[in-house]
There are 2 protein chains.
Amino acid sequence: MIGKYRDSGLKLTPQRIAILDYLEGNIEHPSADDIYKAMSKRFPTMSFATVYNTLETLRRHGQITELNFDPFKKRFDPNPSPHHHVICVRCQKILDVKNAFLLKPPRIESEEFEIIGNHIEFYGICSKCKPR
Amino acid sequence: MIGKYRDSGLKLTPQRIAILDYLEGNIEHPSADDIYKAMSKRFPTMSFATVYNTLETLRRHGQITELNFDPFKKRFDPNPSPHHHVICVRCQKILDVKNAFLLKPPRIESEEFEIIGNHIEFYGICSKCKPR
DNA sequence: CTGGCTGCAAATCTTTTGCATCCTG
DNA sequence: CAGGATGCAAAAGATTTGCAGCCAG
């Protein structure tokens, strides 16, 4: 991930390296706040501005994806290749869905709409939240 | 919609009737703020609390759906029956997708996950935002 | 050395909440 | 006439922004 980052001509500051390290292989789909909290341990002066700036930069360069389906906040996925997700409706835990689904482009009645992508959210209840 | 509402044993105030009227058949997927603005014309004293309270009540009674995939705010769909959507990545216009998709439940590797629903977002560019 | 990056604080935007008052059923 | 609903204002939470100073390339 760091290699790719350097190649894209962006500056590699210690803060960014730390965020890249944290995201690399992270499957928790952390929020900006999660990232900020994790970073604060090693960089007590790290600010939200830096976290958001870095995330936005990474997103613009296609290295992470912004997830918008947690009703409370944006979350980030270090895996930029298209895939789907399942979210626990109780605790908002998000897991990756490995299956691929072939979706034929929908028919939009009212107007021309150029389809460029899709994302499936599965809703469910995770094992921790499942009452036995 | 008003009939259903009355049947559910909830109080029918003028404000609620206005919101129900506004939502009935509305295909714009308005946000709380859109609704508030529209209501303010007829009810200059209508407050956000009332808008949010009413929406939350309607949601709990299964009469509307909350949409979480606009990155900037929650939006509401007066059509509670499951269906999918397409969102314009430029202007955030949301349209209904009428097609049905049969999705087999995904295989989650790491844990038991009881799947209770799904929602597909198609991303695209609407005719207005499409550069010719 | 210079433009991009950081840190801080303030601002903004959306949504929620406490509470006194009101009014539907 | 009681309990739910409203309106107001303040609070809370997430994200953005302005700007001065810093540092990676």
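Chain naming here is simple, since letters A, B, ... match the order of the sequence lines and numbering starts at 1 in each. Quick caveat, the model's predicted, so the values are computed rather than measured.
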Applying side chain to side chain contact (heavy atoms under 4.5 Å, CB included) to A:I35 and A:L55, what does each step give before you reach the verdict? CA-CA 10 Å; A:I35 297 167; A:L55 290 171; 3.8 Å; yes
Let me have a per-nucleotide readout for nucleotides 20-25 of chain C, 5' to 3', with B, S or -, counting only protein heavy atoms under 4.0 Å. ----BS
Nucleotide range of DNA chain D lying under 4.0 Å from chain A heavy atoms: D:dA14 to D:dG25
Please find the pair of heavy atoms, one from B:P78 and one from B:I64, that lie closest to each other, and give the distance. CA-CG2, 4.0 Å
Can you list the residues that meet the side-chain hydrogen bond (donor to acceptor under 3.5 Å, both in side chains) rule with A:S31, with sequence neighbours excluded? A:D34
Of all residues at least two apart in sequence or in a different chain, which pass the side-chain hydrogen bond (donor to acceptor under 3.5 Å, both in side chains) check with A:D21? none
Ignoring hydrogens and angles, tell me if any N or O in the side chain of [X] forms a donor-acceptor pair with the backbone of [Y] under 3.5 Å.
X     : Y      : value
A:R90 : A:C129 : yes
A:T50 : A:M46  : no
A:R75 : A:A32  : no

Got a sec, which residues hit side chain to side chain contact (heavy atoms under 4.5 Å, CB included) with B:Y123, two or more places apart in sequence or on another chain? A:I116, A:H119, B:I87, B:V89, B:E121
Residues in contact with DNA chain D, drawn from residues 15-22 of chain B - heavy-atom cutoff 4.0 Å: B:Q15, B:R16
Give, ordered by number, those residues of residues 31-53 of chain B having at least one heavy-atom distance below 4.0 Å to an atom of DNA chain D; if nothing qualifies, reply none. B:T45, B:M46, B:S47, B:A49, B:T50, B:N53
In the hydrophobic clustering (ILVMFWY, side-chain contacts below 4.5 Å, transitive), which residues join A:I115, or is it alone? A:V86, A:L95, A:V97, A:F101, A:L103, A:I108, A:F113, A:I120, A:F122, B:V86, B:L95, B:V97, B:F101, B:L103, B:I108, B:F113, B:I115, B:I120, B:F122
Suppose clustering is done on Ile, Leu, Val, Met, Phe, Trp and Tyr with side-chain heavy atoms closer than 4.5 Å. Which residues sit in the same group as A:I27? none
Can A:D33 and A:K37 be counted as an ion pair, charged N to O under 4.0 angstrom? yes
Is a salt bridge present between A:E112 and B:K130, judged by a nitrogen-to-oxygen distance below 4.0 Å? no
Sub-6.0 Å ring centroid separation between B:F48 and B:Y36: yes
Go through residues 58-79 of chain A and report each residue with a non-hydrogen atom lying under 4.0 Å from DNA chain C, sorted by number. none
Could you tell me the separation between the CG atom of A:L10 and the CZ atom of A:R16, rounded to the nearest 0.5 Å? 6.0 Å
Dump the intermediate steps for side chain to side chain contact (heavy atoms under 4.5 Å, CB included) on B:T54 and B:Q15, then the final yes or no. CA-CA 9 Å; B:T54 301; B:Q15 293 86 337; over 6 Å; no
Starting from the first five and the last five pairs of the helix from C:dC1-D:dG25 to C:dG25-D:dC1, work out the angle between the resulting helix axes, to 10 degrees. 40°
For the side chain to side chain contact (heavy atoms under 4.5 Å, CB included) test, which of B:I19, B:N26, B:L20 pairs with B:Y22? B:N26
How would you list all residue pairs meeting side chain to side chain donor-acceptor pair (under 3.5 Å) that involve residues 91-106 of chain B, not counting sequence neighbours? A:E109-B:K98, A:E111-B:K93, B:H29-B:D96, B:H83-B:D96, B:H85-B:D96
